[in-house]
Amino acid sequence: MPKGKGPQGKRITLKVAKNAVRVAFNGRRRLDLSKMGIAVFPKCILELADVEELDLSRNMLKKIPNIIEKFQNLMWLDLHSNQIDELPAAIGTLRNLTYLNLCNNKLKTLPEELTLLRGLRILNLGLNCLETVPTTLGSLKELTELGLFDNALTLIPKSIKKLPKLEKLNVKRNPLPEFAEEEEPIDTVKRIESLYLVEKKDLCGSCLQTCQGERDELHLIEDVTPGSSNKPNFSSLVTPNSSARDNEEEWRIK
């Protein structure tokens with residue numbers, strides 16, 4: 001078994017954590033511990049609780065402890081692609097959060113305290129096991145993007161749909177009755193109600209030019225579309241032309 005690894009996943013030391021601190025493009029300090037094989041929230045990173053961004057994505061975390069409340073400067077928290085099945089109530093104390101990514105976890109419920117994050121602008125809850133979302137999410141008036149895709153939702157509360165600044169609401173691949181029609185195949189064939197046939201001499205110059213342009217486009221499509229064989233195909237015949245042979249004998253008698 002590799003050194004530093006065991007049933008609890010990779011152990012993160014304070015030295016490793018300090019070396020993982022980067023300055024993001026926006027000038028904030030980011031503690032990037034993504035893809036580290038972490039299974040238990042490393043308490044040593046409390047020494048770095050003054051960072052503005054924390055990335056713990058793509059690990060094996062199942063729980064986020066209440067000590068997350070120590071990260072009061074957090075504006076950006078990425079926990080996507082873990083095995084988190086429950087969020088602590090302390091998540092609601094991170095009042096400076098504007099970005100929270102919880103995508104691809106095992107969440108079945110959300111704590112009411114999540115609605116205390118009034119400055120949240122982007123919230124991703126896609127790819128979880130949510131059957132319902134609290135109507136109180138409608139109190140997050142600053143939300144511009146909300147991901148609820150790939151869950152088990154049968155209802156989206158009206159309070160969420162009416163969020164004043166919401167620009168993107170992704171609810172794809174949920175068993176929502178109101179979106180059932182959108183999943184049906186779309187008929188792309190253009191259909192007409194009336195067809196009028198005229199001769200070229202009866203058309204004005206602009207109409208004739210339009211018709212010729214559309215005809216040229218149709219010919220172009222025909223040129224690039226593989227044509228069917230001119231040879232007739234009688235799929236129901238046991239042997240080629242067997243019916244024709246029977247009929248031929250009849251004609252000869254007649």
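Any value given below was found using the heavy atoms of this structure, including those in side chains, with hydrogens, waters and symmetry copies removed. Just so it is clear, the model here is predicted, and its values are computed rather than measured.
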Enquirer: Just so I know, are the side chains of Leu33 and Ile45 near enough to count as touching, which here means a heavy-atom distance under 4.5 Å?
Expert: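 Yes, side chains in contact.
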Enquirer: How about Leu87 and Leu107: do any of their side-chain heavy atoms sit closer than 4.5 Å?
Expert: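 The answer is yes, as the side chains (C-beta and beyond) meet within the 4.5 Å cut-off.
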Enquirer: Does any non-hydrogen side-chain atom of Pro88 lie less than 4.5 Å from one of Ile68?
Expert: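 Touching, per the 4.5 Å side-chain cut-off.
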Enquirer: Going by the rule side chain to side chain donor-acceptor pair (under 3.5 Å), which residues pair with Asp85 if we only count those two or more places apart in sequence or in a different chain?
Expert: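 Once residues adjacent in sequence are excluded, the partners of Asp85 under the side chain to side chain donor-acceptor pair (under 3.5 Å) criterion are Lys63.
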Enquirer: Let me have the donor-acceptor pairs involving side chains of residues 18-26, under 3.5 Å, with sequence neighbours excluded, atom names and distances please.
Expert:
{"residue": "Asn19", "atom": "ND2", "partner": "Lys15", "partner atom": "O", "Å": "3.3"}
{"residue": "Arg22", "atom": "NH1", "partner": "Asn19", "partner atom": "O", "Å": "2.4"}
{"residue": "Arg22", "atom": "NH2", "partner": "Asn19", "partner atom": "O", "Å": "3.4"}
{"residue": "Asn26", "atom": "OD1", "partner": "Arg28", "partner atom": "N", "Å": "3.1"}
{"residue": "Asn26", "atom": "ND2", "partner": "Glu53", "partner atom": "OE2", "Å": "3.1"}

Enquirer: Rounded to the nearest 0.5 Å, how far apart are CG of Leu116 and OG1 of Thr93?
Expert: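 That separation rounds to 9.0 Å.
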Enquirer: Check the pair Leu100 / Leu114 against side chain to side chain contact (heavy atoms under 4.5 Å, CB included), numbers first and verdict last.
Expert: CA-CA 10 Å; Leu100 177 57; Leu114 192 65; 3.8 Å; yes
Enquirer: Verify the cluster assignment for Leu102 and Trp76: are they in a single hydrophobic cluster under the rule of side-chain heavy atoms below 4.5 Å apart?
Expert: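 Different hydrophobic clusters.
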Enquirer: Take Glu142 and Lys165 through the test salt bridge (Lys or Arg N to Asp or Glu O under 4.0 Å) and record every step on the way to the result.
Expert: CA-CA 6 Å; Glu142 297 299 315; Lys165 297 184 179 181; 2.8 Å; yes
Enquirer: Minimum heavy-atom separation for Gln72 to Asn96, with atom names?
Expert: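 Scanning both residues completely, I find the closest heavy atoms to be O-ND2, 2.9 Å.
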Enquirer: Roughly how far, to the nearest 0.5 Å, is the CG atom of Asp78 from the CG atom of Asn101?
Expert: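 Reported value, rounded in 0.5 Å steps: 4.5 Å.
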Enquirer: Could you walk me through whether Lys43 and Ile67 satisfy the side chain to side chain contact (heavy atoms under 4.5 Å, CB included) test, starting with their C-alpha distance in whole Å, then the side-chain angles of each, then the deciding distance to 0.1 Å, before giving a yes or no?
Expert: CA-CA 8 Å; Lys43 293 183 179 180; Ile67 55 176; 4.0 Å; yes
Enquirer: For the atom pair CG (Leu46) and SG (Cys44), what is the distance rounded to the nearest 0.5 Å?
Expert: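 Reported to 0.5 Å precision, the distance equals 8.0 Å.
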Enquirer: Are Leu155 and Thr132 side-chain neighbours, meaning at least one heavy-atom pair lies under 4.5 Å?
Expert: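 Not touching, per the 4.5 Å side-chain cut-off.
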Enquirer: Does Leu169 share a hydrophobic cluster with Leu110, counting links as ILVMFWY side-chain heavy atoms below 4.5 Å and allowing steps through other members?
Expert: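 Result: yes, single cluster for both.
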Enquirer: Are Leu146 and Val171 joined in one hydrophobic group, where the rule is that I, L, V, M, F, W and Y side chains link up if heavy atoms are under 4.5 Å apart?
Expert: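 As far as the 4.5 Å side-chain criterion goes, Val171 and Leu146 are connected within one cluster.
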Enquirer: Mark yes or no for whether Thr154, through its side chain, and Leu176, through its backbone, hold a donor-acceptor pair below 3.5 Å.
Expert: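 Not a single qualifying donor-acceptor pair exists.
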Enquirer: If we only count heavy atoms from C-beta on, is the Ile122 to Thr144 side-chain gap below 4.5 Å?
Expert: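 A side-chain contact exists here, since the closest heavy-atom pair is under 4.5 Å.
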Enquirer: Taking Thr98 for the side chain and Met75 for the main chain, is one N or O donor matched with an acceptor at less than 3.5 Å?
Expert: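 At least one qualifying donor-acceptor pair exists.
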Enquirer: Between Leu148 and Leu153, is any pair of side-chain heavy atoms under 4.5 Å apart?
Expert: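 In contact.
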Enquirer: Strictly distance-based, threshold 3.5 Å: is any side-chain N or O of Asn104 a donor or acceptor partner for the main-chain N or O of Asn128?
Expert: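 Judged by distance alone, no pair lies under 3.5 Å.
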Enquirer: Would you say the side-chain atoms of Asn82 pair up with the backbone N or O of Asn59, donor to acceptor, closer than 3.5 Å?
Expert: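 Answer holds: yes.
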Enquirer: Is the shortest distance from a Lys or Arg side-chain nitrogen in Glu145 or Arg121 to a carboxylate oxygen in the other one below 4.0 Å?
Expert: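 No, Glu145 and Arg121 are not salt-bridged.
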Enquirer: Are Ile156 and Leu143 connected, step by step, through hydrophobic side chains (Ile, Leu, Val, Met, Phe, Trp, Tyr) whose heavy atoms are closer than 4.5 Å?
Expert: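 In one cluster: yes.
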Enquirer: Could you measure the distance from the OG atom of Ser57 to the CG atom of Leu79? Nearest 0.5 Å is fine.
Expert: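 The CG atom of Leu79 is 8.0 Å from OG of Ser57, to the nearest 0.5 Å.
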Enquirer: Could you walk me through whether Asp55 and Leu31 pass side chain to side chain contact (heavy atoms under 4.5 Å, CB included), step by step?
Expert: CA-CA 6 Å; Asp55 189 349; Leu31 176 53; over 6 Å; no
Enquirer: Relative to the ring of Phe41, is the ring of Phe71 parallel (under 30°), tilted (30 to 60°) or perpendicular (over 60°)?
Expert: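 Perpendicular: the ring planes of Phe71 and Phe41 meet at over 60°.
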Enquirer: At what distance, to the nearest 0.5 angstrom, does CD1 of Ile91 lie from CG of Leu77?
Expert: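 Output value for this atom pair is 5.5 Å.
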Enquirer: Under 4.5 Å between any side-chain heavy atoms of Tyr99 and Leu120, yes or no?
Expert: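 No, every pair of side-chain atoms sits at 4.5 Å or beyond.
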Enquirer: Are a donor atom and an acceptor atom from the side chains of Thr136 and Glu112 found within less than 3.5 Å of each other?
Expert: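 Yes, side-chain donor-acceptor contact under 3.5 Å.
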Enquirer: What's the spacing between Leu94 CG and Leu74 CG if we round to 0.5 Å?
Expert: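 CG of Leu74 is found 6.0 Å from CG of Leu94.
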Enquirer: Assess the residue pair Asn124 and Phe149 against the criterion (side chain to side chain contact (heavy atoms under 4.5 Å, CB included)); give the C-alpha distance rounded to whole Å, side-chain angles, the decisive distance to 0.1 Å, and a yes or no.
Expert: CA-CA 9 Å; Asn124 192 344; Phe149 55 92; 3.5 Å; yes
Enquirer: What are the two closest non-hydrogen atoms of Asn151 and Cys129, and how far apart are they?
Expert: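 Shortest heavy-atom separation between Asn151 and Cys129 comes out as OD1-N, 3.3 Å.
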Enquirer: Ignoring hydrogens, what is the shortest heavy-atom contact between Glu52 and Arg29? Give both atom names and the distance.
Expert: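 Minimum heavy-atom contact is OE1-N, 2.9 Å.
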Enquirer: What is the minimum heavy-atom distance between Leu130 and Thr109, and which atoms define it?
Expert: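 Where Leu130 meets Thr109 most closely, the heavy atoms are CD2-N, 3.8 Å.
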Enquirer: Quick one, Asp150 and Asn174 - any side-chain contact, counting heavy atoms below 4.5 Å?
Expert: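 No; the side chains remain at least 4.5 Å from each other.
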Enquirer: Inspect the surroundings of CD in Gln83 and state if more than 12 heavy atoms from other residues, nucleotides or ligands are less than 6.0 Å away.
Expert: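 Counting other residues, nucleotides and ligands, CD of Gln83 exceeds 12 neighbours.
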